[in-house]
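This is a predicted model, so every value here is computed, not measured. Protein chains get the first letters and strands the later ones, always in sequence-line order, with residue 1 at the start of each.
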Amino acid sequence: MKSIFYNLGYFLKEVKNIMGLNLLSNIFSIIGTGLILFLLGMVVSGFTVSNRLVNMLQEEAEISAFFNKNVDTGERKSLVEDIKKIEGVLDCRLIGEEEAYNRMKEVLVEEAHILELLDKNPFDAFIEVRIHLDQIDNVLDKVKNIKGIDYVRDNREVLGKIKNITEGLKLLGFLVVAAVGITTIVIVSHMIRQGIYNNKEQINTLRLLGAPISFIGFPFVLVGLILTFIGGILASSLMLFLINKVYGEMTLLPFIPLPPRAELISSIVILIMAVSIALGILGSILGLISIKNLEHNN
Amino acid sequence: MIEAVNLSLSYRDGTLALKDVNLKVNSGELVYIVGPSGSGKTSLLKLFMGIEYPTFGSLSVLNQPIKKGESGKIRRMRREIGPVFQEFKLIEGRTALENVMMGIRFLGIPSKQMKEDASNALERVGLAHKALSKVENLSFGQCQRVAIARAIARKPSLILADEPTGNLDHENALNILELLTSFKEKDTAVIITTHATHLIQNERDVTFIHVEEGNISIERRGELK
């Protein structure tokens with residue numbers, strides 16, 4: 001450790017030499033790593049946005065319970081109280097015929113005049129129940145079995161589909177993370193091996209002089225770290241540009257619930273830089289196995 | 001400092017480089033390993049450096065057994081040795097000073113002290129004025145001196161020099177030998193391989209290890225007798 005501290009200047013010079021020996025390859029490695037990390041950033045952003053959408057929809061998950069026409073006002077209130085007691089129910093409210101009619105008017109907007117052609121309000125009163133999506137089966141069973149409830153409508157199918165898409169994105173995310181990890185490690189370790197090969201004579205001499213592997217390998221770890229770090233900066237810059245562009249376009253589609261821009265940018269940048277540093281160190285260490293192989297020749 | 005008991009070395013191709021070697025080298029001793037080319041001199045030095053392992057018998061250098069499975073400890077042992085390689089093993093593109101410093105960078109010496117030690121070593125071999133010259137711009141003899149400076153800057157317990165007089169004219173060869181033997185101190189042993197026996201025939205207080213076809217014989221002169 002002391003040796004590393006006393007030789008910081010030497011290590012930086014070594015890094016410059018190692019990178020300079022294969023400058024073009026190193027530039028391509030940086031671009032390659034940057035694009036791979038950019039891909040990771042895009043998938044994670046997509047997952048973050050869709051996950052947020054699902055969470056919001058889950059919070060909005062609700063079912064509508066329709067009751068028998070013979071149920072009077074008092075019994076309706078009692079039904080609401082009974083439903084509120086069921087585990088998994090967040091809130092429960094009685095929607096009268098008039099409110100149901102007004103809601104449809106809001107949905108139809110310009111077509112709402114159709115409703116005026118009808119002689120009487122065709123909408124029934126119902127009980128709107130907000131629930132925990134995870135407990136939808138339990139709540140549905142219990143609500144259906146309450147005396148006076150005729151029919152229960154749920155949006156489970158839609159929620160299920162969105163959930164499946166998110167699960168798919170999650171799986172894709174894991175696959176991309178694995179692919180990014182493996183590819184970056186392969187690129188970095190290959191560059192380190194090449195650097196070691198180019199500096200074979202120097203490494204052999206250092207070994208003969210008794211230099212520890214940590215001392216010989218440290219500049220190569222720094223090179224790996226710098227390659228992926230610059231790649232990370234490149235990927236972060238591209239993500240910054242992309243997120244700003246997409247958010248700019250999304251002002252036209254305000255109903256899509258995007259996470260706050262600054263929050264998304266900072267989390268993606270932190271992720272990309274952390275992954276780039278970790279992969280740089282890991283790739284370099286794997287590449288350093290070549291030094292061990294050189295040892296057998298000494 | 002060095003102790004070999006019934007030491008033999010065979011290479012993978014079956015060549016028997018050294019046969020049944022028994023020797024002991026003490027601190028402060030000056031040893032010449034002499035013999036014709038290909039007799040096994042360099043093989044003996046490689047064993048002392050821990051580059052080769054004994055096929056039979058045992059070898060211990062600076063209290064470190066030279067055997068398989070001890071590579072970490074052998075690497076640490078090498079830090080106490082000042083090696084002067086036949087082909088110098090200097091790093092091209094670096095100055096003489098940087099090359100000398102290369103030998104002491106991992107010994108835990110503060111950077112200022114490191115530079116001072118390397119400069120002193122270069123001064124001792126008469127190359128202070130070439131400290132900032134790149135080694136590829138130095139003459140053969142100067143490169144040899146840089147290699148010696150790198151060895152002595154480490155303040156080693158043992159100096160191992162492989163054919164330091166090879167390819168040098170008579171006068172330069174004598175100068176190099178004089179320089180190397182001047183490092184023989186109370187606690188530092190100096191071992192030099194050479195086939196130029198005419199340069200050292202009048203040496204006193206030295207040990208000669210004669211190597212011929214892998215067999216050795218030891219001759220001690222002067223007070224060591």
Determine the interplanar angle of the A:F215 and B:F106 rings, folded into 0 to 90°, and report it as parallel if under 30°, tilted if 30 to 60°, perpendicular if over 60°.
-> perpendicular
Aromatic rings B:F208 and B:Y32: how do their planes relate, parallel, tilted or perpendicular, breaks at 30° and 60°?
-> parallel
Which answer fits [X], side chain, backbone, both or neither, if we ask what part of it has an atom under 4.5 Å from a heavy atom of chain A?
X: B:E98; answer: side chain
X: B:L90; answer: neither
X: B:P83; answer: side chain
X: B:M102; answer: both
X: B:M114; answer: side chain

Flag, side chain of [X] to backbone of [Y], donor-acceptor distance under 3.5 Å:
X: B:E29; Y: B:N26; result: yes
X: A:T228; Y: A:S276; result: yes
X: B:R145; Y: B:I176; result: no

Looking at B:I104, B:I109, B:I81, B:I74, which has the largest count of heavy-atom pairs under 4.5 Å with chain A?
-> B:I109
